[in-house]
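Below, read A as the first sequence line, B as the second, and so on, with proteins coming before strands; counting in each chain starts at 1. On a predicted model such as this, the values are computed, not experimentally measured, just so you know.
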2 protein chains.
Amino acid sequence: MAASERTGNGGRPRNGGSASAGRPRSEEAHQAILDATLVLLSEVGFSALTVEGVASRAGVGKATIYRRWPSKLPLVVDAFGQLPAFEDADTGSLEGDLKAMLRQYLENFLATPLATVYPSLAAERAHNPALGELMDPLLKGRRRPLDAAFRRAQARGELASGIDIEMASDLIVGPIAVRLFFRGTTIHPDMVDGMVELALRGVRGGS
Amino acid sequence: MAASERTGNGGRPRNGGSASAGRPRSEEAHQAILDATLVLLSEVGFSALTVEGVASRAGVGKATIYRRWPSKLPLVVDAFGQLPAFEDADTGSLEGDLKAMLRQYLENFLATPLATVYPSLAAERAHNPALGELMDPLLKGRRRPLDAAFRRAQARGELASGIDIEMASDLIVGPIAVRLFFRGTTIHPDMVDGMVELALRGVRGGS
DNA sequence: TGGAATCGAGACGTATAGTATCGTAATCCC
DNA sequence: GGGATTACGATACTATACGTCTCGATTCCA
């Protein structure tokens with residue numbers, strides 16, 4: 001899988017364990033390709049991203065790319081894996097944790113052009129189950145600090161233990177995703193606080 | 001071919017108001033193109049949708065398509081406009097309204113392959129501002145019944161008048177969009193109730 | 001009846017995906 | 001060291017799709 005090819009030892013020969021002579025794959029080229037992919041992704045977006053463009057920007061031949069990734073999609077998935085994710089913040093309260101993490105994530109990733117990879121991959125996975133399987137572990141990992149905050153809150157007794165954390169996490173992330181990607185709205189960092197409060201207290205609870 | 005060629009709004013000539021001789025645009029072709037677009041969209045998805053495929057499926061020439069839509073994207077946007085949206089439900093309570101509307105929308109649209117148009121358009125708009133402007137009125141219109149339910153609840157005193165309806169609406173729609181499009185999860189209609197309750201009462205409010 | 005704009009069909013040029021083939025360069029094994 | 005093996009960058013190649021354009025025929029208006 002692509003995953004095994006980017007697990008640190010990127011410049012590995014094709015056969016992981018068995019005998020392998022010959023020139024090893026260049027780790028430099030590997031990283032240059034991923035970097036170029038991210039740069040181009042933020043410059044022209046996913047649909048205008050061409051493999052030839054990546055090759056040229058990375059200073060490698062096309063074959064060097066196709067030797068590592070079967071197509072443009074897994075390449076972008078791997079590049080996606082190098083993007084900043086949620087960073088755990090343990091402030092002592094659930095509300096504080098969520099606000100801090102969302103602010104950080106917003107400023108470091110969602111507000112950058114790189115964030116457009118997200119809806120592009122979402123669009124593709126709908127008709128490409130293999131892509132979904134490639135993405136899911138990545139997505140899950142990226143969101144882990146969020147789930148951890150909910151679990152800490154439960155441990156503190158701050159949150160009912162019966163709460164469905166997955167659903168709660170969707171409730172926090174969902175509105176931001178919709179605004180950003182579907183409605184094309186920019187989100188001011190200050191708006192994050194209001195959103196978190198609304199999600200925590202509920203629409204009906206009133207502010 | 002003896003069909004009545006109504007010069008309706010759909011097949012309007014290039015010049016809206018001024019004099020126009022010549023054969024009028026075929027309303028049949030217009031609708032056939034939109035229909036074929038939707039069929040193919042659900043069959044192969046957006047990225048694999050080809051204008052040639054649409055032309056062939058609709059039984060028209062490519063020029064007939066490009067005469068009406070400058071590119072594939074606006075065509076898909078127009079087709080998108082023909083898809084089922086929220087249907088207003090006035091049950092007497094906000095919770096009832098939301099549950100009913102979401103269930104209906106889920107079953108009539110989100111659970112069908114047609115729903116994949118959504119993330120595709122979201123992906124494109126990120127790097128195509130013109131598309132965003134084309135979509136926004138459509139999106140706003142589709143969500144209007146949802147906003148209306150919130151306003152009714154406010155009028156009944158069921159909901160604090162200070163609530164930001166746009167944000168509340170995002171809170172309802174967001175989790176579903178994230179599950180469906182980003183995480184690739186299917187949503188059982190029964191799950192809608194739990195989501196609405198969580199959004200209304202808040203994560204912290206209780207079970 | 002003639003002008004105008006349409007129709008379906010498809011040729012055309014450009015661009016990109018993905019494959020295959022160059023000659024060269026790096027590494028392993030003997 | 002030397003030979004085998006594999007990767008390297010570069011580029012030619014096939015196939016597909018976009019968007020433009022032309023064709024003769026059709027349909028409507030004046």
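Ring geometry for B/Tyr118 against B/Phe109 counts as tilted: the plane angle lies between 30° and 60°, on a 0 to 90° scale.
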Nucleotides 20-25 of chain C: which of its N/O atoms have a protein N/O under 3.5 Å away?
from	atom 1	to	atom 2	distance (Å)
C/dA25	N3	A/Arg23	NH1	3.4

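As rounded to whole Å, 20 Å separates atom P of C/dA5 from atom NE2 of B/His30. The OH-P distance, from B/Tyr66 to C/dA9, rounds to 16 Å in whole Å. Across the protein-nucleic acid pair, A/Arg68 atom CZ and D/dT6 atom C1' stand 12 Å apart, rounded to whole Å. If you take CD of B/Glu28 and C1' of C/dT6, they are 14 Å apart, rounded to a whole angstrom. Distance CD1 (A/Ile65) to P (D/dA7): 16 Å, rounded to an integer number of Å.
The nucleotide whose nearest atom lies closest to any side-chain atom of A/Arg25 is, among D/dC18, C/dG8, D/dA7, D/dA7. Side-chain atoms of A/Thr64 lie closest to D/dG9 of the nucleotides D/dG19, C/dG18, D/dG9.
Side chains of A/Val77 and A/Trp69 form no contact here, defined as non-hydrogen atoms less than 4.5 Å apart.
Within residues 40-56 of chain A, the residues having any heavy atom closer than 4.0 Å to DNA chain C are, in order of number, A/Leu49, A/Thr50, A/Val51, A/Glu52. Of the residues in residues 69-81 of chain B, those lying under 4.0 Å from DNA chain D by heavy-atom distance are B/Ser71, B/Lys72.
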Worksheet item: Would A/Glu95 and A/Arg201 count as a salt bridge (Lys or Arg N to Asp or Glu O under 4.0 Å) if you check the C-alpha gap in whole Å, the side-chain angles of each, and the deciding distance to 0.1 Å?
Response: CA-CA 10 Å; A/Glu95 190 168 326; A/Arg201 305 202 225 299; 3.5 Å; yes
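Not counting sequence neighbours, the partners of B/Lys62 by the side-chain hydrogen bond (donor to acceptor under 3.5 Å, both in side chains) test are B/Glu52. Remark: B/Asp193 engages B/Arg103 in a side-chain hydrogen bond (donor to acceptor under 3.5 Å, both in side chains) (not counting sequence neighbours). Under the rule for a salt bridge (charged side-chain N to carboxylate O under 4.0 Å, His left out), A/Asp35 has no partner lying at least two apart in sequence or in another chain.
The environment of CD in A/Glu107 is crowded: more than 12 heavy-atom neighbours from other residues, nucleotides or ligands sit within 6.0 Å.
Distance check: A/Arg183 CZ to B/Asp136 CG gives 8.5 Å after rounding to the nearest 0.5 Å.
Between the side chain of A/Arg152 and the backbone N or O of A/Asp147 there is no donor-acceptor pair closer than 3.5 Å.
Under 4.0 Å is where a charged nitrogen must lie from a carboxylate oxygen, and between A/Lys99 and A/Asp190 no such pair does. Ion pairing of B/Arg125 with B/Glu133 is absent here, as no side-chain N (NZ or NE/NH1/NH2) approaches a carboxylate O to less than 4.0 Å.
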